[in-house]
Amino acid sequence: MRPSMLRSMESVLRRAADARYFSSGAGPERKVAILGAAGGIGQPLSLLMKLNPLVSQLSLYDIAGTPGVAADVSHINTAAQVAGFAGEDQLGEALKDSDIVIIPAGVPRKPGMTRDDLFNINAGIVKSLCTAIAKHCPHALVNMISNPVNSTVPIAAEVFKKMGTYDEKKLFGVTMLDVVRAKTFYAAKAGVPVADVNVPVVGGHAGITILPLFSQATPSANSLSHEDIKALTKRTQDGGTEVVEAKAGKGSATLSMAYAGAVFADACLKGLNGVPDVVECSFVQSNITELPFFASKVRLGKNGVEDIHGLGPLSDFEKQGLESLKEELKASIEKGIKFAKEN
Ligand SMILES: NC(=O)C1=CN([C@@H]2O[C@H](COP(=O)(O)OP(=O)(O)OC[C@H]3O[C@@H](n4cnc5c(N)ncnc54)[C@H](O)[C@@H]3O)[C@@H](O)[C@H]2O)C=CC1
Ligand SMILES: O=C([O-])CC(=O)C(=O)O
């Protein structure tokens, strides 16, 4: 075979490996619990976590429907042992000894709603689930998917504080879907292979609080105009609404969210297992701005958050975006804290 053909085959294989979401090889025994596992996100997320070789026990919890999901997923011939739990009586058993708890429990948006419109229902759900986490697996990493993430993460933090178990290194708002979208939209516009693309997305997870930093995107694409960057930013910020409208009343993103949640949980598992230099964006307790929680690149390690990267150099457009998002993000964080303190 000619060396040039060999090189191009190598490059195809490398890309395929990069595009693969899940880790290869095994690590220590790890238990992952999914709360809301019978839902639109929960089911495909359960499937993807069953495919992850770093998971040895997969615990699927919901208020109902999980025995069926667990029986179905358990027939897949991968190593993870699957168990289903339904109803509050079984929540403790579902959580016990978990290393990671992923929470996609709660109601999704319908057209015309904001994520904040979900607050009244989801705040209570998150509060009761986090109370159970504090009791049954206080050392687990928590991956919060339930919306509004800008408020549910502060709620979780307050619940854990009240229960005396809060460790800021272990609480993550899952903003990975914003990164997944930014990568996809950027690759298409810039004409670069999507598997090679990286784009940090900072701020929060709702509308203008989602701030993709396309000036730091790699591979860089000098061909993109300011108008292109503005349009990519808007599409990333409105990505959730694009799906809500396309689903026309049948919920919000579930499949892409399950993918994003599985990628983020895999990164957490790798960090726990001591894999070096695992970096992803997440909404965490942070002091890189004046806001108490903020999404940015985070290095994951054996204790959860190992360190939080700064924002790096921003374009003028991104600097403006950063200033504009602060008021809304601050209000959403304060709303979560207030709810948890009063309930
Ligand atoms: N962070 C992100 O990027 C994204 C977040 N989401 C959010 O994820 C949440 C779930 O969305 P879907 O799966 O589409 O909704 P869904 O309605 O299809 O599923 C939610 C599941 O949660 C369960 N549930 C409700 N109360 C519960 C409780 N107390 N304990 C355990 N399970 C409970 C329900 O029984 C249901 O099975 C929504 O709040 C949605 O807005 C959705 C997409 C992206
Ligand atoms: O938009 C929604 O309601 C669900 C969500 O968070 C997303 O898809 O980013």
Side-chain angles (χ1 to χ4, degrees), residues 32-46 48-49 59-66 69 88 91 94-95 98 100-110 113-134 137 140-160 170-178 180 204-207 209-210 239-241 243-244 247 251-265 268 282-285 293 295 329 332-333 335-340 343:
V32 174
I34 301 180
L35 312 184
I41 296 167
Q43 292 200 37
L45 180 58
S46 302
L48 293 173
M49 295 316 292
S59 175
L60 306 182
Y61 173 80
D62 205 305
I63 46 181
T66 20
V69 178
E88 257 187 79
L91 179 55
L95 288 171
S98 293
I100 301 187
V101 181
I102 314 175
I103 313 186
V107 289
R109 283 200 283 165
K110 288 192 179 347
M113 292 170 82
T114 66
R115 291 179 181 80
D116 185 59
D117 292 334
L118 306 172
F119 186 98
N120 288 346
I121 299 182
N122 290 353
I125 293 174
V126 163
K127 181 177 170 268
S128 70
L129 293 175
C130 289
T131 305
I133 291 170
C137 55
L141 303 191
V142 175
N143 291 184
M144 182 67 72
I145 292 175
S146 311
N147 269 318
V149 167
N150 293 353
S151 303
T152 53
V153 169
I155 292 174
E158 288 305 311
V159 170
F160 296 147
K170 298 192 167 173
L171 176 60
F172 301 88
V174 180
T175 54
M176 192 74 211
L177 182 52
D178 303 317
V180 164
H205 179 68
T209 72
I210 300 167
T241 306
V243 179
V244 168
K247 291 199 173 178
S252 55
T254 53
L255 305 173
S256 51
M257 180 60 238
Y259 169 77
V263 171
F264 189 71
C268 289
S282 181
F283 184 66
V284 294
Q285 182 177 315
F293 293 89
L329 186 49
S332 300
I333 293 169
K335 185 171 175 179
I337 294 174
K338 184 165 182 282
F339 170 87
N343 288 278

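Under the 3.5 Å distance criterion, the side-chain polar atoms of S151 are matched with a main-chain donor or acceptor of S332. N150 places no side-chain N or O within 3.5 Å of a backbone atom of I333 that could act as its donor or acceptor partner. Listed for the T66 side chain is no donor-acceptor partner under 3.5 Å among the backbone atoms of Y61. In this structure, the side chain of T152 engages the main chain of S146 through a donor-acceptor pair within 3.5 Å. Checking side-chain atoms of S282 against main-chain N and O of V284 turns up no donor-acceptor pair under 3.5 Å. Checked by atom type and distance alone, the side chain of S98 never pairs as donor or acceptor with a backbone atom of A140 at under 3.5 Å.
Side-chain contact between I210 and H205: present, with at least one pair of heavy atoms (C-beta onward) separated by less than 4.5 Å. With a 4.5 Å cut-off on side-chain heavy atoms, F283 and L329 count as touching. When side chains are defined from C-beta on, L91 counts as touching L129, because their heavy atoms get closer than 4.5 Å. Put simply, the side chain of M257 does not reach to within 4.5 Å of the side chain of V243, judged on heavy atoms. Contact annotation: the side chain of S256 approaches that of L177 to within less than 4.5 Å [non-hydrogen atoms, C-beta and beyond]. Between L255 and Y259 there is no side-chain heavy-atom pair separated by less than 4.5 Å. Counting heavy atoms from C-beta on, the side chains of M113 and L118 come closer than 4.5 Å. For the pair R109/D117, no side-chain contact is recorded, criterion being any heavy-atom separation below 4.5 Å from C-beta on.
Every side chain to side chain contact (heavy atoms under 4.5 Å, CB included) that A265 has, sequence neighbours left out, goes to M49, I102, N143. For E158, the side chain to side chain contact (heavy atoms under 4.5 Å, CB included) partners two or more places apart in sequence, or in a different chain, are K161, I337, A340, K341.
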For this session: Given side chain to side chain contact (heavy atoms under 4.5 Å, CB included), test I155 with F119 step by step and report yes or no.
Result: CA-CA 11 Å; I155 292 174; F119 186 98; 4.1 Å; yes
For this session: Could you go through the side chain to side chain contact (heavy atoms under 4.5 Å, CB included) check for K170 and F160 one step at a time?
Result: CA-CA 11 Å; K170 298 192 167 173; F160 296 147; over 6 Å; no
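Closest heavy-atom contact between A206 and R115: CA-NH1, 3.5 Å. Among all heavy-atom pairs drawn from G204 and D178, the shortest one is O-OD2, 4.1 Å. Smallest separation of non-hydrogen atoms from F339 and G124: CZ-N, 3.8 Å. Among all heavy-atom pairs drawn from C130 and M144, the shortest one is SG-CE, 4.0 Å.
Atoms CD1 and CD1, on I125 and I103 in that order, are 11.0 Å from each other to the nearest 0.5 Å. The CG atom of L141 sits 5.5 Å away from atom SG of C268, with the distance rounded to the nearest 0.5 Å.
Within a 6.0 Å sphere centred on NZ of K335, heavy atoms belonging to other residues, nucleotides or ligands number more than 12.
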Quiz: residues 32-46 side-chain donor-acceptor pairs under 3.5 angstrom, not counting sequence neighbours:
unit_1	atom_1	unit_2	atom_2	d
Q43	NE2	A38	O	3.0
S46	OG	G42	O	2.6

